[in-house]
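Everything on this sheet refers to the single structure shown next.
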Amino acid sequence: MRLFNSKTNQVETFIPIEANKVRLYVCGPTVYDEIHIGNARPVIVFDTLRRVFEALGYQVDMVSNYTDVDDRIIKKAIQENVEERVVTDRYIEAYNDVRSRLNTQPLSASPRVTETMDDIIAFIGSLITEGYAYNVNGNVYFRVLKSENYGEISKQRVEDLLMGARVEEEPEKESSLDFALWKKTETGIQWDSPWGKGRPGWHTECVVMIDHHFHGMIDIHGGGMDLKFPHHENELAQAKACLHHDLAKIWMHNGMLNIDGEKMSKSLGNVMNAKEIIDKIGANTVRWLMLSVHYRSPLNISEEIIEQAKSELQKAYSILKQVEIRYELANEIIQPIQDEAFVTQFLEAVSDDLNTPNGMKIIFDVIKVLNQDQRQKDISEEILVKHYGALKMMLNTLGIEIEPIRLTQTQRETFNQWNKAKTEKDFELADHYRKILIEAQLL
RNA sequence: GGUUCCUUAGCCAAGUGGUAAGGCAAUAGACUGCAACUCUGUGACCGUCGGUUCAAGUCCGACAGGAACCUCCA
């Protein structure tokens, strides 16, 4: 496996910390609302990465958190006059519903910030002890200028950042680059700490959760491109200061998603709710669409590209259906074997920095060959089944789930009647049966 | 304004300096009782202009256009 590392800005050969194992952490959602289609991209990308690793024989320990402490959550809780927990429970459930509908593999753990609070407070305390953080009137800040190589993930220089920094309204900070680790607060959910009542800043949670679950460095830390700065930069700075390691060997970032060439935003009114689009076009099409572009490139969603994804996927559905019905009618079970050559080509493609578009090229190749197999007079059942198995394996690696066709006794008879009518050239009757089969989506 | 990145056929898209994958759409043909599915054929002066090189979509520079981040949005 080769992966692009944002930190080194190049594709690197993946060398696991522990042989045959992958420790993977992906920044999860802030659960203040239902997720939009852009939030679904890292869900799909990193689930696919995990599936590729598993196909290569790795055991993957994958963790993703819920950020359930946030201004927007507090605001919503106040609006609804309920506790924050009511809001976060609701959207965690909605998020998990989307995850499961997108056919993602279960995670090893999904920690919440609210359940990690003791560790977060202890971690901030250690940062103060180490001299990397300071308390001013109950607000604790990270001392960015003390951190070495700050900006190495986002490729920003501290001088440039200082120059570009806005005039801050927080005069208590030593530097405008310093970020909040603990915020004094009077409204909303709050916890007791050595610095008074308050709640944690955003950047500490992931570091603490990673340490809590993995007890050391992880192989891959993932998230959206927009998290490079400041979130991941700040995570790295804290890890170096307190844990004395770089947190992750590889930092991976997926590209952003646009709608009709424009960024999704509430002001433009073009935010696509993930659940709604899954309802509309189906989870398989959503996954296929997302994976038809390399994960680091921006992805532009339009009506045209959705239709394109549907047509492409339809080719796979069509041939799988034909093979399955063939075996159903023969009352035989398709043996679970795969064509090694195709599988190897596919894995080589997707192992190259998760190049799913190249993987799809192999999928189209095997679909074509399967169609040719299917039309041959002297068909080799073994080859047909191997190609079928290879196609299923590839689709499965992309998380495309297609239930095999199972015919009822009535449907079998309809097929037989249809074929009989055709043989007897009773086309009126044949068309009658054909119509039934088309309506049952078997043709 | 600063930083990072992108620009390949009508559309989507891959591309380790050595003759430009694949798909969608379109179109012609084959298959079919007619269709559908499918198969076969048909497309690119790689944003513009310079430079390096025997050789550049691929490296360097300028320009044009676009994106992300610098504002706790994946």
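In the text below, chain A, chain B and the rest are named by the order of the sequence lines, each starting its count at 1.
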Need one value for [X]: base, sugar-phosphate or nothing, where a base atom within 4.0 Å counts as base even if backbone is also close, heavy atoms only.
| X | result |
| --- | --- |
| Gly223(A) | sugar-phosphate |
| His294(A) | sugar-phosphate |
| Lys425(A) | nothing |

Rounding to the closest angstrom, what is the interatomic distance between [N] and [M] at atom [atom1]?
| N | M | atom1 | answer |
| --- | --- | --- | --- |
| rU7(B) | rC60(B) | P | 13 Å |
| rC45(B) | rG33(B) | P | 42 Å |
| rC59(B) | rU53(B) | C1' | 9 Å |
| rG29(B) | rA20(B) | C1' | 27 Å |

Is there a donor and acceptor pair, one atom on the side chain of [X] and one on the base of [N], closer than 3.5 Å?
| X | N | value |
| --- | --- | --- |
| Arg434(A) | rA35(B) | yes |
| Asp365(A) | rG23(B) | no |
| Arg375(A) | rC37(B) | yes |

Practice problem: With salt bridge (Lys or Arg N to Asp or Glu O under 4.0 Å) as the test, would you mind laying out the steps for Glu328(A) and Arg406(A) before giving the verdict? | Solution: CA-CA 7 Å; Glu328(A) 281 287 287; Arg406(A) 289 280 171 266; 3.3 Å; yes

Quiz prompt | Criterion side chain to side chain donor-acceptor pair (under 3.5 Å) against Arg199(A), the qualifying member of Thr114(A), Asp71(A), Asp70(A) | solution =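 Only one option passes, and that is Asp71(A).
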
Quiz item: Are any side-chain N or O atoms of Asn355(A) and backbone N or O atoms of Asp352(A), one a donor and one an acceptor, separated by less than 3.5 Å?
Solution: no

Side chain of [X] - closest among [options]:
| X | options | answer |
| --- | --- | --- |
| Lys315(A) | rC39(B), rA21(B), rG33(B) | rC39(B) |
| Asn371(A) | rC69(B), rA14(B), rU38(B) | rU38(B) |
| Asp226(A) | rC70(B), rG33(B), rA74(B) | rA74(B) |
| Pro357(A) | rG33(B), rA14(B), rG2(B) | rA14(B) |
| Asn254(A) | rC11(B), rC69(B), rA74(B) | rA74(B) |
| Met264(A) | rA74(B), rA67(B), rG23(B) | rA74(B) |

Quiz prompt | Pair Arg143(A)-Glu174(A), salt bridge (Lys or Arg N to Asp or Glu O under 4.0 Å): steps then yes or no | solution = CA-CA 8 Å; Arg143(A) 195 170 270 135; Glu174(A) 289 177 7; 2.8 Å; yes

At under 4.0 Å, does any side-chain N or O of [X] touch on OP1 or OP2 of [N]?
| X | N | answer |
| --- | --- | --- |
| Asn300(A) | rC11(B) | no |
| Lys228(A) | rC70(B) | no |
| Gln374(A) | rC39(B) | no |

Quiz prompt | Of Thr30(A) and Ile319(A), the one whose closest RNA chain B nucleotide lies more 5' | solution = Ile319(A)

Exercise. Please figure out whether Ile367(A) or Asn9(A) has its closest RNA chain B nucleotide nearer the 5' end.
Key: Asn9(A)

Quiz item: Does any nucleotide pair with rC63(B) by Watson-Crick or G-U wobble geometry, both distances under 3.5 Å, and what is it?
Solution: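 Pair assignment: rC63(B) / rG47(B).
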
Quiz item: Does the separation of the ring centres of Phe142(A) and Tyr134(A) fall below 6.0 angstrom?
Solution: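 No.
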
